[in-house]
Protein chains: 2
Amino acid sequence: MKIAFQTPRRVMSAFALSSAAIIVFSMTDANTQSPPPPPQSLDVPARTLPVPETVSPEMRRLIGAPLSGNWNAWPKTVEEWKKVSAPGGGRGLPALRERFKVKTEATTVNGVAAFLITPENVPPENRNRLLVHIHGGCYVLQGGEAATTEAIYMAGFGHFKVLSVDYRRPPEFPYPAALDDSVAVWKGALKMADPGNMAIFGTSAGGALTLSTVLRARQEKLPLPAAIAPGTPMSDLTRTGDSFHTNHMVDNVLVAADGRCDAMARLYANGHDLKDPMLPPLYGDMSGFPPALLTTGTRDLLLSNTVRVHRKLRQAGVEAELHVYEGQSHAHYMRDAEAPETREAFEEIAKFFKKHLGK
Amino acid sequence: MKIAFQTPRRVMSAFALSSAAIIVFSMTDANTQSPPPPPQSLDVPARTLPVPETVSPEMRRLIGAPLSGNWNAWPKTVEEWKKVSAPGGGRGLPALRERFKVKTEATTVNGVAAFLITPENVPPENRNRLLVHIHGGCYVLQGGEAATTEAIYMAGFGHFKVLSVDYRRPPEFPYPAALDDSVAVWKGALKMADPGNMAIFGTSAGGALTLSTVLRARQEKLPLPAAIAPGTPMSDLTRTGDSFHTNHMVDNVLVAADGRCDAMARLYANGHDLKDPMLPPLYGDMSGFPPALLTTGTRDLLLSNTVRVHRKLRQAGVEAELHVYEGQSHAHYMRDAEAPETREAFEEIAKFFKKHLGK
C-alpha cells in the first residue's frame with residue numbers, strides 16, 4: 001500500500017484502526033451493462049409556471065409579464081422595416097441619466113455615429129479606462145439614443161466612461177455594416193485609450209457583435225481589449241441550441257426561435273452564410289480571446305447559446321466566467337434600473353473589468 | 001466637456017471631427033412609462049424536444065434516454081426502504097478502475113466507513129493533496145462501493161488521491177447521520193493532510209452535503225478545505241426553484257420535483273425543518289466559504305438550485321465559478337466515463353483544485 005500524504009505516520013495510524021476493513025477490490029469483474037437504446041426526442045406536457053418568489057419584486061414583475069405581444073409579427077416590406085429600424089429616442093432616458101448621474105454626448109468616432117456616456121464622478125482608477133458598448137435589438141432595433149440604455153447602466157453602476165456604437169442597421173445596411181461600424185469604433189477607441197485599459201460589452205445582438213468584433217480585430221491584427229462581457233449573445237443564428245426548445249414559450253421576451261428577433265437577424269444576414277463566424281460568432285475560433293464574462297437567465301431562450309460560448313471559450317483556454325440568474329428571460333437583467341438583480345449583474349461585470357483592465 | 005482619457009489630445013481631435021454632431025441631451029423629459037401589470041403565472045404548451053446535435057454521441061445517448069422508469073415510485077415500508085438503501089457493489093467498477101488506473105481500498109476514518117481511491121501514478125504536485133468525496137443518491141442510494149464511481153472519475157481525470165465517505169443512510173440513519181459522518185471524515189482527513197491541500201466535492205445530495213459540511217466545519221471552528229466543488233447540489237428541499245417548473249419532465253433523470261428523489265430526501269429529513277441550513281444549505285450563511293466550482297446542465301431539474309447557490313456565494317464575496325453544460329439533465333456529466341463532456345467537467349474541477357490547493 002503506497003501512501004504519500006503530508007503526515008504519513010498519522011495516516012497509517014488512522015488506517016491501523018481499521019486494518020481489518022481494508023479490502024482491495026477485484027479488478028476482474030465483467031462490465032455487465034447492456035448497450036443503451038438510441039437517442040430519441042422527448043414529449044413534454046403543458047405546464048403552468050408560477051413566478052419565482054425568491055427574486056426581487058421588480059424582477060417578479062418582469063418575469064410575470066405576459067409573452068411579448070409582437071414576438072411573432074414583423075414587417076413584410078422594406079418601407080415597414082425602415083420604420084422599425086429608425087433611430088429612437090429611448091424611453092425615460094433623461095430620468096435614467098439623472099438617476100445614474102451621467103451625461104450623454106452624441107459624437108462620431110472614425111466616421112461612425114456613437115454616444116459617449118460620462119459619469120459625473122469618474123473615480124481615479126477609471127480615469128484612463130474606456131468601455132466600448134455595442135447595443136442589442138436583434139441587429140435592427142435600438143438605433144439612435146435608444147442604444148444607450150445599457151451603456152448608462154454600465155456607466156452608472158461601474159463608474160466607467162462608455163462609448164456606445166450607434167451602428168448602421170438593416171434594411172438599408174445589412175451585414176457586415178454593424179460589424180464594420182463596431183470595428184471602426186474599436187479602431188477609433190484605440191486612439192482614445194490604451195487597449196489594456198479597455199473592454200467591449202453588449203447584450204443579445206450586441207453580445208454577438210462583441211464576440212465578432214474581437215474575431216475581426218484579431219483577423220486584422222489590431223490590439224484586443226483587456227476583457228469582454230457578451231450578455232446572452234445571439235451566437236448561433238441557425239436555430240441550433242437546446243434552450244430554443246426547452247425554453248420555447250417560457251422566455252417571455254424572445255418567446256420562440258422562429259419569432260420576430262430571428263426574422264430581424266435574417267434581414268441583417270441578407271442571405272449571407274449563417275455559419276460565417278463574423279455573423280454568429282459561435283462558429284469562430286476563440287483561442288487567444290481576452291477574458292470574458294457571460295450573463296444569462298434560466299428562462300432565457302439563448303441560455304444554451306450563452307453556455308455554448310462559455311464552453312467554447314473554456315475549451316480554447318480562455319478565462320471565462322458564466323453568470324446565470326434565476327428565472328430571468330432574455331436580457332431581463334437590463335430591463336429595470338431599480339431591480340437589485342440589475343445592480344448585481346452590472347456590478348459583476350464592473351468587478352470583472354476592474355480585475356482585468358489596467359489603469 | 002471634461003474628458004480625461006490617456007491621450008486627451010487625440011480624443012479631442014477625434015471629437016473635433018464631429019463637433020457639429022455633439023448634442024448634450026436634455027435632462028428634463030418626463031418618464032412616460034406606465035406602471036407594469038402585476039406578475040402572473042405563464043401557461044406553457046406541450047412540446048417535443050429533439051436531442052441536441054452539438055453534443056457528443058455518448059451524451060446524445062444520455063440526453064435521448066427516456067424518462068427514468070421509477071422516478072415516481074418509492075418504497076412504502078421501512079423494510080422496503082432498507083432494501084433500496086442497502087450498500088451496493090456498483091456497476092462495472094472493476095473495469096472503471098482498470099480504465100482509470102486507480103485502486104480502491106475500503107477503510108475506516110474517524111469511525112466512519114470510507115474508500116480510498118489512489119491513482120497508480122500520482123504526479124508530484126498531487127502527492128500531498130487529498131480530496132474528500134461525498135457521494136450522491138438522494139441521501140439514500142449509492143451506499144457501499146457504489147459510492148465510489150464519481151471518486152474514481154476524479155482520481156482518474158485529475159490524478160488525485162480521493163477519500164470517499166460511505167456515510168450512514170436512512171431509514172435506519174436519517175438526518176443528521178450523513179452530515180455527522182461527512183464531518184467526522186473531514187476531521188479524520190485533517191490528520192492525513194494539510195487543509196490547505198484538500199478539497200471536498202460531491203454531486204446532488206453529495207453537493208448539498210459538501211456545502212453543509214463546510215457550514216458545520218465553520219460552526220465547529222475546524223479548518224476549512226482550500227476549495228469545494230458541489231455539483232448540481234440538492235440545495236433547497238422545499239421544492240423552491242424555478243427549474244423545478246421549467247424543467248419539469250424535461251430532466252430525464254429526476255423528472256419532477258415531487259418524485260422519488262424528493263421522497264428520499266424527506267425520508268432523510270425525518271421531519272426536521274427543511275429550511276435548517278444543515279439540511280438544505282441554500283438557507284445557510286456562505287460568507288467565508290472557500291472558492292467553489294458549481295456544475296449543472298441546461299435541462300437539470302436543479303439548474304435553479306445550482307445557480308442560486310452560485311449567486312449566494314458571489315453575494316457573500318466568495319470566489320465561485322459556474323459551469324453549465326448543454327442539454328444535460330441532473331448529473332449527466334458523471335454518467336459515462338467515455339463522454340468527452342465527462343472529461344471536460346472533471347478536468348474543469350481538477351484545474352480549479354490545482355489552482356486553489358497548496359502542494
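In this text, all values refer to a predicted model and were calculated from it rather than measured experimentally. Here is the naming used below: chain letters follow the sequence lines, and residue numbers restart at 1 for every chain.
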#### Entry: Reported CG-to-OG1 distance for the pair A:Asp242 and B:Thr298, which is rounded to 0.5 angstrom
5.0 Å
### Summary
One should read off an interatomic distance between B:Leu42 CG and A:Leu49 CG, to the nearest 0.5 angstrom, of 5.5 Å
### Message
With heavy-atom distances below 4.5 Å as the criterion, would you say the side chains of A:Pro45 and B:Met249 are in contact?
### Response
yes
### Summary
The interface call for B:Thr240 against chain A, heavy-atom contacts under 4.5 Å, is side chain
### Task
For residues A:Arg308 and B:Thr54, determine if any side-chain heavy atom of one lies less than 4.5 Å from a side-chain heavy atom of the other.
yes
### Task
Any chance you could measure B:Thr246, atom OG1, to A:Asp251, atom CG, to the nearest 0.5 Å?
11.5 Å
#### Entry: Backbone of A:His248 reached by a side-chain donor or acceptor of B:Arg47 within 3.5 Å
yes
### Query
Most heavy-atom pairs under 4.5 angstrom with chain B, which of A:Leu67, A:Leu93, A:Val307, A:Ile63?
A:Val307
### Message
Heavy-atom pairs under 4.5 Å with chain B: which of A:Asp43, A:Asn252, A:Val324 has the most?
### Response
A:Val324
### Under the salt bridge (charged side-chain N to carboxylate O under 4.0 Å, His left out) test, residues paired with B:Arg314 that sit two or more places apart
A:Glu321, A:Glu348
### Message
Taking side chain as everything from C-beta outward and backbone as N, CA, C, O, which of these in B:Arg60 sits under 4.5 Å from a heavy atom of chain A? Side chain, backbone, both or neither.
### Response
both
### chain A contact via B:Pro57 - which portion, at a heavy-atom distance below 4.5 Å
neither
### Summary
Counting heavy-atom pairs under 4.5 angstrom with chain A, the leader among B:Arg299, B:Lys351, B:Glu53 is B:Arg299
### Query
Is there side-chain contact between A:Pro38 and B:Arg61, with heavy atoms separated by less than 4.5 Å?
no
### Query
Once you round to the nearest 0.5 Å, how far does CD of A:Gln315 lie from CD of B:Glu347?
11.0 Å
### Task
Quick one: closest heavy-atom pair of A:Pro50 and B:Ser41, and the distance?
CA-CB, 3.9 Å
### Query
Given the options B:Leu62, B:Leu96, B:Val51, which has more heavy-atom pairs under 4.5 Å with chain A than any of the others?
B:Val51
### Task
Tell me, out of A:Asn305, A:Thr306, A:Val250, who's got the most heavy-atom pairs with chain B below 4.5 Å.
A:Val250
### Query
Quick one: do B:Glu344 and A:Arg311 make a salt bridge, cutoff under 4.0 Å?
yes
